[in-house]
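Computed from a prediction, not measured in an experiment: that's the story for all the values here. This chain uses plain numbering: 1 for the first residue, then up along the sequence.
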Amino acid sequence: MGPAPVRTGATGRSLSGQRAVVLERLQHSGEPLTVTGLAAELGLHPNTVREHLDALVERGLVVRGRQATGRRGRPAWTYAAAADLVEPDTRVRDYACLATALAAHIALRSADPTGDALAAGRDWGRGLAAAHPFERPPSATAVRRRVVALLDELGFAPQDDARCTTAALRRCPLLDVASRYPEVVCQVHLGIVRGAMEAYGGQPERTALIPFAEVGACRLHLLTAA
């Protein structure tokens, strides 16, 4: 049940959250890196980095080899991005990095994780809408379509109906984190929708998000019953 991770590009391979950050660092490195080196650069625990690398190797996104040291003992594993990969979409990557940190912070430190996540997402949505304004007063349907377009830019791959009253969110930029903190991540996403809807002059309180609602998607309602 639920959506798939975001795509990294034309290869059709997919990942989300911190794995995108790990992969991007390998893509920009001029040489293979070790677990210890990656962990130090990214500020992550080595075990966390190792887990992400193992998953990336299994998917064919990363190649593993042995470090040539010329010294006795078993050399450390090194990791490099597969040569045929395309660059991740930077908008999706940046969103995933920021939202991952926000979700973890709220989940661990907030006395009201659900309420704080919704409020943070709402502020975020207002900011996104301000950066993508309408040129003329929009219709209610146009407002809903613009909100869905913002979600598309963030990597959700939404599929809406004819009047854009509901949309299936086929992908999730934070799928790994949403599995751990669904009450936080999903509320951030609903808050983004409501904040953008409010900024565009729509009806934010008539929106609802049902996480992992169906096979291959979360379900976003943009025009619930009043």
Side-chain angles (χ1 to χ4, degrees), residues 1-8 12 14 16-17 89 91-96 98-100 102-103 106 112-226:
M1 299 293 286
V6 297
R7 291 190 184 278
T8 59
S14 58
S16 63
D89 188 314
R91 295 168 301 177
V92 175
R93 180 208 63 203
D94 292 345
Y95 167 73
L98 290 170
T100 296
L102 173 65
I106 290 175
D112 179 17
T114 299
D116 287 346
L118 187 64
R122 199 155 187 162
D123 286 343
W124 204 331
R126 284 192 286 263
L128 289 171
H132 298 78
F134 277 106
E135 294 182 359
R136 59 177 182 272
S139 66
T141 300
V143 166
R144 295 194 295 272
R145 291 197 186 286
R146 180 58 66 89
V147 172
V148 169
L150 290 179
L151 295 177
D152 193 27
E153 290 188 10
L154 292 177
F156 288 91
Q159 295 180 348
D160 55 331
D161 64 3
R163 295 181 55 239
C164 205
T165 61
T166 184
L169 304 182
R170 296 293 180 189
R171 298 195 174 274
C172 179
L174 301 180
L175 190 59
D176 292 343
V177 185
S179 299
R180 298 199 302 271
Y181 310 122
E183 75 284 359
V184 173
V185 172
C186 300
Q187 288 299 303
V188 168
H189 293 164
L190 177 59
I192 288 173
V193 170
R194 289 185 174 177
M197 190 77 74
E198 177 186 358
Y200 287 142
Q203 297 176 287
E205 303 311 320
R206 295 185 66 182
T207 59
L209 177 62
I210 305 176
F212 309 103
E214 54 202 73
V215 176
C218 296
R219 175 60 57 176
L220 174 65
H221 295 285
L222 294 151
L223 191 63
T224 61

> Does the side chain of Arg219 pick up a donor-acceptor pair with the side chain of Thr166 at under 3.5 Å?
Replying inline: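 Checked: Arg219/Thr166 side chains pair up, N/O donor to acceptor below 3.5 Å.
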Minimum-distance pair of heavy atoms, taken over all atoms of [X] and [Y]:
X      : Y      : value
Cys186 : Leu209 : O-CD2, 3.4 Å
Ala168 : Glu214 : CB-OE2, 4.3 Å
Gly202 : Pro204 : O-CD, 3.2 Å
Ala103 : Val177 : CB-CG1, 4.0 Å
Ala130 : Pro133 : O-CD, 3.6 Å
Gln203 : Met197 : N-CG, 3.4 Å

> Does the pair Thr207 and Val147 meet the rule for a side chain to side chain contact (heavy atoms under 4.5 Å, CB included), with working shown?
Replying inline: CA-CA 11 Å; Thr207 59; Val147 172; over 6 Å; no
What I'd like to find out is whether the side chain of [X] reaches to under 4.5 Å of the side chain of [Y], using heavy atoms alone.
X      : Y      : answer
Tyr181 : Ile106 : no
Phe156 : Val148 : no
Trp124 : Leu102 : yes
Leu220 : Leu151 : yes
His221 : Ile210 : yes
Leu222 : Asp160 : no
Cys218 : His189 : no

>> Taking Arg146 first and then Glu153, would you say they form a salt bridge - that is, a charged N and a carboxylate O separated by under 4.0 Å?
In response: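 Looking at Glu153 together with Arg146, the answer is no, because their closest N to O distance does not fall below 4.0 Å.
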How long is the straight-line distance from [atom2] of [Y] back to [atom1] of [X], given to the nearest 0.5 Å?
X      : Y      : atom1 : atom2 : result
Arg145 : Arg163 : CZ    : CZ    : 9.5 Å
Leu223 : Arg206 : CG    : CZ    : 4.0 Å
Thr100 : Arg180 : OG1   : CZ    : 8.0 Å
Arg194 : Asp123 : CZ    : CG    : 14.0 Å

> What orientation do Tyr200 and Phe134 show, parallel under 30°, tilted 30 to 60°, or perpendicular over 60°?
Replying inline: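 Because their plane-to-plane angle is over 60°, the rings of Tyr200 and Phe134 count as perpendicular.
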> Out of Leu190, Ile192, Val185, which residue meets the side-chain contact (heavy atoms from CB on, under 4.5 Å) rule with Val188?
Replying inline: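 Only match with Val188 under side-chain contact (heavy atoms from CB on, under 4.5 Å): Ile192.
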> Got a donor-acceptor contact below 3.5 angstrom from the Arg170 side chain to the Gln159 backbone?
Replying inline: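 Checking the backbone N and O of Gln159 against the side chain of Arg170, no donor-acceptor pair under 3.5 Å is found.
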